[in-house]
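Reviewing the structure listed below.
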Amino acid sequence: MIVTRFAPSPTGYLHIGGARTALFCLLMARHNNGKFILRIEDTDQKRNTPTATQQVMEDLKWLGIEWDEGPDCGGPGAPYKQSERLEIYDKHINQLLDDGKAYYCWDTSEELAEMRDKAQAEKRSFIYPRPEKFPTREEADAAAAEGKPVIVRLCMPEGDIVVKDLVRGEVTFQAGEFSDFVIRKSDGFPTYHLACVVDDELMGVTHIFRGQEHLMNTPGHQALQDALGFSRPTYAHMSVTVSEGGGKLSKRERGKALAKAIKADLEIDREELAKIGEMSIEDFDEFLNGKITPDAPLVTAMAKHIELHLPEINVVDFKESGFLPEAVTNFVALLGWSSPDGQEIMPFEKLIENFDPTRFNKTNSLFDRKKLQAFNTEHMKMVDSDKLLGYFKDYLVLNELEMGKFDDDTLATLLKLCEGARNFEDVVNKSNFIMLKADTIEFDPNAVKKVLSKDGVAEILTEVKDRLNNLEAWEAEPIHKVIEVMCEEKQLGMGKVAQPIRVAIAGCMVSPAIDATLVMLGKDETIARIDHAIEFVKGL
RNA sequence: GCCCCCUUCGUCUAGUCAGGCCUAGGACACAGGCUUUUCAUGCCUGCGACACGGGUUCGAAUCCCGUAGGGGGUACCA
C-alpha cells in the first residue's frame with residue numbers, strides 16, 4: 001500500500017507552499033487508495049509555538065486535506081508528535097552507537113566555526129574530522145557532567161551516494177563530500193534527520209514528496225536508512241514556489257510589504273499603528289527597519305487599519321481574502337505539476353483522479369494572484385449553492401463584516417445576484433446596497449459626477465418613482481417592464497434611467513441587476529431611497 | 001568559497017526521457033472588439049517564448065560540452 005505523509009514543524013501558520021506539498025502527498029495517497037499521515041515535527045523546542053499545530057490542522061481541513069492518521073485521530077504509528085517519541089529515537093541512536101556507526105563528540109560552536117572557516121579559506125567543503133577512536137559512553141557522560149555540549153554524529157559511508165528521485169532522476173553525490181552529521185542534539189532531542197528517517201520507517205511511509213530544499217539532506221537520510229537496516233522510500237523533490245522578489249516564499253513577506261508601505265507614507269499615524277500592532281514605539285521602529293516581525297494577526301490588523309492589501313502567503317490569508325479552498329488547491333496543484341489530459345480547472349475529485357507523480361516539472365514557479373482569481377471565478381460557478389453559502393458565511397465571520405447578520409436566504413440571494421463575481425470580496429462590494437439606510441446614503445462623488453449631476457435626473461427619478469409606486473406586484477418582471485416602457489416612451493436608453501436608480505438606491509454605480517435589486521429592497525425602501533436621492537439632486 | 005538543482009510567451013505550463021507530427025500548443029495577464037441598464041460574467045480577435053555559444057545529426061526546444069543567469073544547501077532549523 002502507498003503511504004505518504006505531510007510533516008510540518010509547528011512554527012506558525014501553514015503557508016501556501018506547505019499546503020501545496022501537503023496536497024500532493026494527499027493526492028498521491030488518494031489516487032492509489034493509500035494512506036495519508038499527518039506528523040508534527042516539533043523537535044526544535046525553541047521554535048515551536050503552542051497554537052501552531054491546531055492552526056495547521058484547521059488550515060489543512062479548510063483546504064479539504066484530511067489525514068487518515070495524525071495527532072488528533074491517532075493510528076497504528078502513534079504518537080504522531082515527535083516530541084512524544086523521544087524514547088523511540090533514543091533506542092535507535094543507541095543502537096547506532098553500539099554498532100559503532102555513530103559516535104559522541106562535544107566540540108563547542110566556536111571550535112566548529114573555526115573549522116568551517118578554515119575549510120572555506122582552503123576552498124573545500126567542510127567535513128567533520130571523525131576521531132580514530134570513538135569516545136566511550138562513560139567519557140561522554142563525564143564531558144556532559146562538566147557542561148560540555150555532548151552530541152551524537154552518524155558515520156557517513158565511503159563511496160558515492162546516488163539518490164533516485166521521481167522528479168530529478170538519479171542525482172549523484174561524490175564521495176568525500178559528506179560530513180558526519182548530528183543525529184542527537186545536546187538537549188537530548190534527535191535532529192530532524194534522525195527523527196524523520198525513523199518515523200518514516202516505523203509509520204510505513206513509502207513515498208516522500210517534499211521541497212527541493214531537502215534534496216541535499218537525502219544522502220544523509222539514505223545513509224541513516226542503511227545504517228539502521230531500513231527500507232528505502234521513493235523520493236520526489238518538488239520544485240518550489242518562489243515570491244516575486246525571488247527566493248523562497250517566506251512567512252516574513254507580509255511584514256516586509258507592510259513595513260515598506262508604512263515607510264512610503266508619511267501621513268500615517270505611527271503611534272496609533274504601533275498600538276494596533278501591540279508594540280512599543282521603539283519596537284515599531286525596529287519592525288520598520290526589518291529587525292523584528294510581529295505575529296501574523298497583528299500584521300494583518302495593521303494592514304487593515306491603513307487599508308493596505310497584503311500579498312497572501314498563509315492559507316488563512318486566502319480564506320480571509322475571499323477565495324474558495326477548491327480554487328486554491330486547484331491553482332496550487334498546477335504549480336509545478338500538470339494534468340495528463342491538459343485540463344486546468346478541476347474539482348478536487350478530478351485532481352485525485354488525474355494525479356500522476358511523473359508529471360512534476362523541475363522549475364520553480366512564481367505565484368500569480370491574477371490567475372488564482374480566474375480559477376476562483378470558475379470555482380464560484382462550480383460549487384453547489386449550499387456549500388458556497390457556507391463559505392460565504394465563514395468569510396463574513398472571519399472578516400467581522402456586518403453583512404453577516406443577514407439570514408441564509410438573504411445571503412443566498414445576494415450570492416445568486418452576484419454570479420460571475422471573482423471572489424467574496426467582490427460579492428460584498430456589489431452587495432453593499434443592502435447595508436444602507438434610506439436617509440443616510442452618501443453618494444459616491446464619482447457617481448454624482450457621472451450620473452446624478454446630469455440634466456433632468458431629478459425629473460427622471462420622480463417619474464420612475466411614480467410609476468414604480470403604482471406597481472401592484474413588486475417582482476422583477478413588472479419592475480423591468482416599468483423601466484423598459486418608460487425608456488421607450490421617453491426615447492431614452494436603458495442606462496439613462498437604470499443608472500440614476502442604481503445610484504439612488506446603492507449610492508454608487510455598482511450593484512446587481514436593477515430589477516432584482518429593487519425586489520430585494522422592497523417597495524417602501526426603494527421609494528424612500530429614490531426620494532432621498534431626488535432631494536439630494538435638487539440640492540446640487 | 002564549496003556542493004546540488006533549474007532555464008520554453010510578462011506569468012503558469014505542454015512538448016524534452018524514446019530527435020522529424022513544433023512555421024512550438026493551452027491557460028492567465030495585456031490590447032482591441034462583441035454581448036450587457038452598472039460592475040462582473042460570457043464570446044471573438046490580436047500580441048507574445050525554445051537564455052547564449054559551440055558541437056552530434058540528413059534533421060535539435062528535444063542529445064553532448066561550455067558560458068551566463070536563477071534557485072537551493074552549506075546549523076546542535078526543519
Side-chain angles (χ1 to χ4, degrees), chain A residues 7-9 11 41-44 46-47 106-107 109 112-113 116 119-126 149-153 163 165 167-169 171-174 177-179 181-187 189 191-193 195-196 210-219 237 239-240 242 244 246-248 331 334-339 342-345 358-359 361-375 377 380-381 418-422 426-427 429-430 447 450-451 480 483-484 487 493-503 506 508-515 517:
Chain A
S9 55
T11 56
E41 311 224 318
D42 54 351
T43 55
D44 185 356
K46 293 180 285 291
R47 292 208 319 164
W106 47 82
D107 309 87
S109 49
L112 252 11
R116 284 198 188 93
Q120 200 182 106
E122 290 167 8
K123 300 193 176 196
R124 57 176 174 82
S125 303
F126 167 68
V150 176
I151 59 168
V152 177
R153 285 180 190 269
V163 173
D165 190 280
V167 180
R168 321 217 167 237
V171 182
T172 304
F173 296 83
Q174 300 288 319
E177 286 294 331
F178 311 113
S179 184
F181 63 95
V182 180
I183 56 176
R184 183 160 67 201
K185 304 185 257 187
S186 57
D187 65 359
F189 275 65
T191 58
Y192 152 73
H193 307 290
C196 171
R210 43 156 59 148
Q212 66 155 20
E213 68 269 21
H214 286 291
L215 184 57
M216 301 296 281
N217 295 147
T218 310
H237 288 94
S239 58
V240 296
V242 296
E244 236 141 307
K248 263 199 296 186
F331 176 69
L334 258 29
L335 254 27
W337 180 82
S338 59
S339 180
Q343 217 182 318
E344 291 206 335
I345 304 291
T358 67
R359 292 190 62 86
N361 72 23
K362 303 173 182 181
T363 63
N364 291 167
S365 52
L366 227 55
F367 195 98
D368 179 3
R369 188 176 194 271
K370 288 230 175 102
K371 186 152 180 169
L372 203 218
Q373 292 234 34
F375 272 51
T377 310
M380 294 265 283
K381 289 179 216 156
C418 293
E419 259 172 28
R422 311 211 93 194
D426 283 1
V427 173
N429 289 339
K430 201 166 171 176
K450 284 205 164 147
V451 181
H480 186 261
I483 298 171
E484 204 176 46
C487 286
M494 288 289 267
K496 282 274 182 275
V497 178
Q499 275 305 78
I501 301 177
R502 172 167 284 116
V503 177
C508 63
M509 291 190 295
V510 177
S511 89
I514 220 66
D515 46 9
T517 307

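Residue numbering restarts at 1 for every chain, and letters A, B, ... go by the order of the sequence lines.
For Thr517(A) (side chain) and Pro512(A) (main-chain N/O), a donor-acceptor pair under 3.5 Å exists by modelled atom type. At least one donor-acceptor pair closer than 3.5 Å links the side chain of Arg359(A) to the backbone N or O of Ser338(A).
Checked against C4(B), C12(B), G1(B), the side chain of Val171(A) finds its nearest nucleotide in C4(B). The side chain of Arg359(A) approaches A14(B) more closely than any other nucleotide in the set C5(B), A14(B), C12(B).
For U13(B), the OP1/OP2 oxygens have a side-chain nitrogen or oxygen of Asn361(A) closer than 4.0 Å. In this structure, Ser338(A) reaches the A14(B) phosphate: one of its side-chain N or O atoms is under 4.0 Å from OP1 or OP2.
For the C1' atoms, the distance from G46(B) to C63(B) is 37 Å, rounded to whole Å. Annotation: C6(B) and C22(B) have their P atoms spaced 27 Å apart (nearest Å). Across the P atoms, A24(B) and C47(B) are found 12 Å apart, a figure rounded to whole Å. Between G48(B) and U23(B), the distance separating the two C1' atoms is 15 Å to the nearest Å. Straight-line distance between the P atoms of C64(B) and U7(B): roughly 12 Å, to the nearest whole Å. Rounded to a whole angstrom, the distance from the P atom of U67(B) to that of C2(B) is 13 Å. Comparing C4(B) with C43(B), their P atoms are spaced 49 Å from each other, to the whole Å.
In this structure C28(B) sits in a base pair with G10(B), meeting the Watson-Crick or G-U test at under 3.5 Å. With a 3.5 Å ceiling on both atom-pair distances, the Watson-Crick or G-U wobble partner of C58(B) is G20(B). Across all strands shown, U36(B) forms no Watson-Crick or G-U wobble pair with both key distances under 3.5 Å. When both pairing distances are held under 3.5 Å, U74(B) makes a Watson-Crick or G-U pair with G1(B).
At a threshold of 4.5 Å between non-hydrogen side-chain atoms, the residues Tyr192(A) and Asn217(A) count as touching. Taking the side chain as every heavy atom from C-beta outward, Gln120(A) and Ser125(A) never approach each other to under 4.5 Å. Residues His193(A) and Ile183(A) are not in side-chain contact: their nearest non-hydrogen atoms beyond the backbone lie 4.5 Å or more apart. Inter-residue side-chain proximity for Leu215(A) and His237(A) is flagged as met; some heavy-atom pair is nearer than 4.5 Å.
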Test log, rule side-chain hydrogen bond (donor to acceptor under 3.5 Å, both in side chains), inputs Glu41(A) and Ser9(A): CA-CA 5 Å; Glu41(A) 311 224 318; Ser9(A) 55; over 6 Å; no
side-chain hydrogen bond (donor to acceptor under 3.5 Å, both in side chains) between Thr11(A) and Arg47(A), worked out: CA-CA 6 Å; Thr11(A) 56; Arg47(A) 292 208 319 164; 4.9 Å; no
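Using a 4.0 Å heavy-atom criterion, one finds that Gly336(A) contacts the sugar-phosphate atoms exclusively.
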Sequence-aligned protein contact record of nucleotides 27-47 of chain B, with B where the base is within under 4.0 Å of a protein heavy atom and S where only the sugar-phosphate is: BSS-------BBBBSS-----
Contact letters for nucleotides 73-78 of chain B, in which S counts primed atoms plus P, OP1 and OP2 and B counts the base, heavy atoms under 4.0 Å: S-SBBB
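Using a cut-off of 4.0 Å between Lys/Arg side-chain N and Asp/Glu carboxylate O, Lys371(A) and Glu344(A) are scored as salt-bridged.
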So which protein N/O to nucleotides 49-52 of chain B N/O distances come out below 3.5 Å?
none

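Residues Glu177(A) and Gln212(A) each lie close to RNA chain B; by heavy-atom proximity, the contact nearer the 5' end of the strand is made by Glu177(A).
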